[in-house]
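As structure tokens, the structure follows; a few thoughts come after it.
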Amino acid sequence: MSEEFGMQEMVTLKTIAETLNTSNDLSLMLDTVVGKLLELTGLTAGWVFLINERGDYTCVSNYNLPPALQHKDKEPMRTGTCWCVNRFKDGRLNHAVNIINCKRLENAVDFQWGDTQGITHHATVPLRSGDKMLGLLNVAAPAKAHFSDSELALLQSVAYQIGSAMERMRLYRTEQRRADLYVKLGEFSTALGHAVNECGNAEAFSETVVELLGQHYDWPLAAIIQQSSGAFTVQATYADGRVRTSLSKPLSSKVADQMNRVIDSHRAASLSATERTEIFTLCEPDKTMHSLTSGMAAPLPYHMPGEAGILVIGMESYDSAHSDREVLEALAEHITASWESLKLAENRRELARLEERNRLARDLHDSVNQILFSLSLTAKGAESMLSASEQVHPAADVMKDIRALSQEALKEMRALIMQLRPAGLEAGLLHALQEYGTSQGLQVMVDRTGMRSLPRNIEEGCWRIGQEALNNIRKHAGVTSANISLKLSDHEVALTVSDQGKGGAKRRKASPGGSLGLSIMKERAESLGGHFEIVSFSRKGTTVTAVIPLPFGSV
């Protein structure tokens, strides 16, 4: 190596080092460095490919490209493949090498994309930082078909400098993004705390969460996936500035297995290409989500039996995955805490309702119930006195009617008190309903299939539905017997109450009394996520059935 070349090399490396320290903007830095490198080495064209871990490449910088490579907004630099990129992907490109007959330039000549300015060859130099491979630096000049060992050594030294600077910039951007994301985490948590009290159920909660994520973060897509009865479905998603809900199609078994692994690991995980395609397509079936080249899923560790959730985000860049993963896990913890707060608030409201019903039942028992009982006794005494005389007083029949009405009102009041204050569920739902039917003058036959405990809210819901059904039988069926069947499976509970009475319940729905009772049963079943059905024929009896799903994993 001549002394003059050695001095030129030192000047080149010094100038490149100074240039690399002038900016934290990657594209600007690379454009400046490539231009300086070409100026100092006498070369004319250069470009840089960044290649990620999946092998996707992007031309992030170019300088003085020949017209042929600028065809259609530089399409030759954005599509297709070539020898140097393929060898980089295969892990066979470790040193600066000469590339003969560049594939992109060959295509430019074959397809007549424009003037190549006499460039046929280029040198390829891998960009790396330690053991981490980052991309490629390519340089060329007209009629230059070979690079000497000294030139390649210089290019490789420059590439090491560029690689170290790129890694420094990546770390800087990562830390800056992490700081920004954590600032937004505080804002998101505050907004979620204000909004959570307005959520009435899990679907509304998921809708609120994804909407707030869309408002506070720059992720193009955010979604909540919920597990129910072993299946995973997308419950709510935010994309393109809008929220979508009720996406009932479940994930495939293959993707569901991965979601279970995410839940079991208690850590966020990157989504594979297959998982991204399926989940993102379910989230936005009317749009293509090809721009989202990366995605992550984090478990939502709900502390409720049978409840499991997944928070999913879609990203356009893989570079920020590490910092985003940390924040995603923190977000999952905040979302879970808000969900627990929502469930506790619901439990407090339910306890308040139960206490109010108990108070009302006590008041009715101590006041109205006692008055009706006294009225019944008074009417009976008056009827006895009026009937004891030799000539029956005309008011005797009236007092008899008053006594009958007061006794009926007393019976209705006791039934109402029983409905307000459920008692006897400790001995089981069927036993409680049988006891209630007996108190209403009905002979109740019960049948049970399956053995398992029911969640408190579902057991009470079935109790209320069964009560109303027995009340309807007593009032309208014209019979004194009823049949109750309770079928329990792993996924649902089915309560059936039937009679062999007058029937015609569907026609009675038009009447105020009948429609209210049936609508109450229907509303109770639907509020628990189930459905209600009534079958009734004149003189053939009536059957009402409520089917309610059980939370996955409940025992």
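Relative orientation of the W113 and H71 rings is parallel, given thresholds of 30° and 60° on the angle between their planes.
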Just distance, no hydrogens or angles: give the donor-acceptor pairs under 3.5 Å from side chains in residues 210-217, sequence neighbours left out.
from: H216; atom 1: ND1; to: L212; atom 2: O; distance (Å): 2.9
from: Y217; atom 1: OH; to: L181; atom 2: O; distance (Å): 3.2
from: Y217; atom 1: OH; to: L185; atom 2: N; distance (Å): 3.0

For residues 117-124, please give each side-chain donor-acceptor pair under 3.5 Å, one per line with the distance, not counting sequence neighbours.
from: H122; atom 1: ND1; to: T124; atom 2: OG1; distance (Å): 3.3
from: T124; atom 1: OG1; to: N138; atom 2: OD1; distance (Å): 2.8

Taking distance alone, no hydrogens or angles, what donor-acceptor pairs closer than 3.5 Å link side-chain atoms of residues 76-86 to residues at least two apart or in another chain?
from: R78; atom 1: NE; to: D73; atom 2: O; distance (Å): 3.2
from: R78; atom 1: NH2; to: K72; atom 2: O; distance (Å): 3.2
from: R78; atom 1: NH2; to: D73; atom 2: O; distance (Å): 3.3
from: T79; atom 1: OG1; to: E75; atom 2: O; distance (Å): 3.1
from: T81; atom 1: OG1; to: N86; atom 2: OD1; distance (Å): 2.7
from: T81; atom 1: OG1; to: N86; atom 2: ND2; distance (Å): 3.4
from: N86; atom 1: ND2; to: C82; atom 2: O; distance (Å): 3.3

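Residue Y63 qualifies as open at atom OH: its count of foreign heavy atoms under 6.0 Å is 12 or below. Heavy-atom contacts from other residues, nucleotides or ligands closer than 6.0 Å to NZ of K522 number 12 or fewer. Residue-environment remark: CG (D149) stays at or below the threshold of 12 foreign heavy atoms within 6.0 Å.
With sequence neighbours excluded, no residue satisfies ring-ring contact (aromatic ring centres under 6.0 Å, His included) with Y182.
The minimum heavy-atom distance between F280 and V312, with the atom names listed, is CE2-CG1, 4.2 Å. Residues I310 and P299 share a closest heavy-atom pair of CD1-CA, 4.2 Å. Shown here for S61 and V34, the closest heavy-atom pair between the two residues is OG-CG2, 4.1 Å. Residues H334 and S189 come closest through the heavy atom pair ND1-OG, 3.0 Å. Across all their heavy atoms, P250 and L282 have their closest contact at O-CD1, 4.4 Å. A269 and V262 make their closest contact through CB-CG2, 4.1 Å (heavy atoms, listed as atom of the first residue, atom of the second, distance).
The closest donor-acceptor contact from the side chain of R524 to the backbone of G461 lies at 3.5 Å or more, if one exists at all. Side-chain atoms of R452 come within 3.5 Å of backbone atoms of S489 as a donor-acceptor pair (strictly under, hydrogens ignored). In this structure a side-chain-to-backbone donor-acceptor pair under 3.5 Å is missing from E492 to V547. Here the side chain of R87 pairs a donor or acceptor atom with the backbone of R92 at under 3.5 angstrom. A donor-acceptor pair under 3.5 Å links the side-chain atoms of E278 to the main chain of S252, judged by distance alone. With hydrogens and angles ignored, the 3.5 Å screen pairs a side-chain donor or acceptor of E329 with a backbone N or O of A268. Remark: the backbone N or O of E275 is paired with a side-chain donor or acceptor of S272 at under 3.5 angstrom.
With rounding to the nearest 0.5 Å, the separation of CD1 in I335 from CG in L311 is 4.5 Å. For the atom pair Q156 CD and E151 CD, the distance stands at 14.0 Å (nearest 0.5 Å). Between the CG atom of L495 and the OG1 atom of T545 there is a distance of 8.0 Å, given to the nearest 0.5 Å. Taking CG from L155 and CG from L137, the interatomic distance works out to 6.5 Å, rounded to the nearest 0.5 Å. Expressed to the nearest 0.5 Å, how far SG of C59 lies from CG of L50 amounts to 9.0 Å. Here the CE-CG distance, from M315 to D324, works out to 5.0 Å after rounding to the nearest 0.5 Å.
You'll find the side chain of L69 reaches within 4.5 Å of the side chain of P66, heavy atoms only. Side-chain contact between L300 and W339: absent, with no pair of heavy atoms (C-beta onward) separated by less than 4.5 Å. With a 4.5 Å cut-off on side-chain heavy atoms, Q161 and V33 do not count as touching. Here the side chains of M133 and P126 are in contact, with some heavy-atom distance below 4.5 Å. Inter-residue side-chain proximity for L136 and L93 is flagged as met; some heavy-atom pair is nearer than 4.5 Å. Using a 4.5 Å heavy-atom cutoff, the side chains of L454 and L488 are in contact. Taking the side chain as every heavy atom from C-beta outward, I263 and F232 approach each other to under 4.5 Å. Counting heavy atoms from C-beta on, the side chains of L43 and K144 come closer than 4.5 Å.
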Q: Could you go through the side-chain contact (heavy atoms from CB on, under 4.5 Å) check for Q70 and D115 one step at a time?
A: CA-CA 10 Å; Q70 298 185 47; D115 184 11; over 6 Å; no

Q: Let me see the working for T41 and V139 under side-chain contact (heavy atoms from CB on, under 4.5 Å), right down to the final yes or no.
A: CA-CA 10 Å; T41 57; V139 292; over 6 Å; no

Q) Are N260 and Q227 close enough, and set up right, to give a side-chain contact (heavy atoms from CB on, under 4.5 Å), and what steps lead you there? A) CA-CA 9 Å; N260 278 317; Q227 185 186 47; 3.4 Å; yes

Q: Evaluate the criterion side-chain contact (heavy atoms from CB on, under 4.5 Å) for residue pair I162 and V48; output intermediate values, then yes/no.
A: CA-CA 11 Å; I162 295 175; V48 176; 6.0 Å; no

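Among residues at least two apart or in separate chains, there is no ring-ring contact (aromatic ring centres under 6.0 Å, His included) pair with a member in residues 133-165. Evaluation of the salt bridge (charged side-chain N to carboxylate O under 4.0 Å, His left out) test over residues 179-190, restricted to residues two or more places apart or in two chains, returns none.
For the 3.5 Å distance criterion, the side chains of S206 and Q235 qualify, holding a donor opposite an acceptor.
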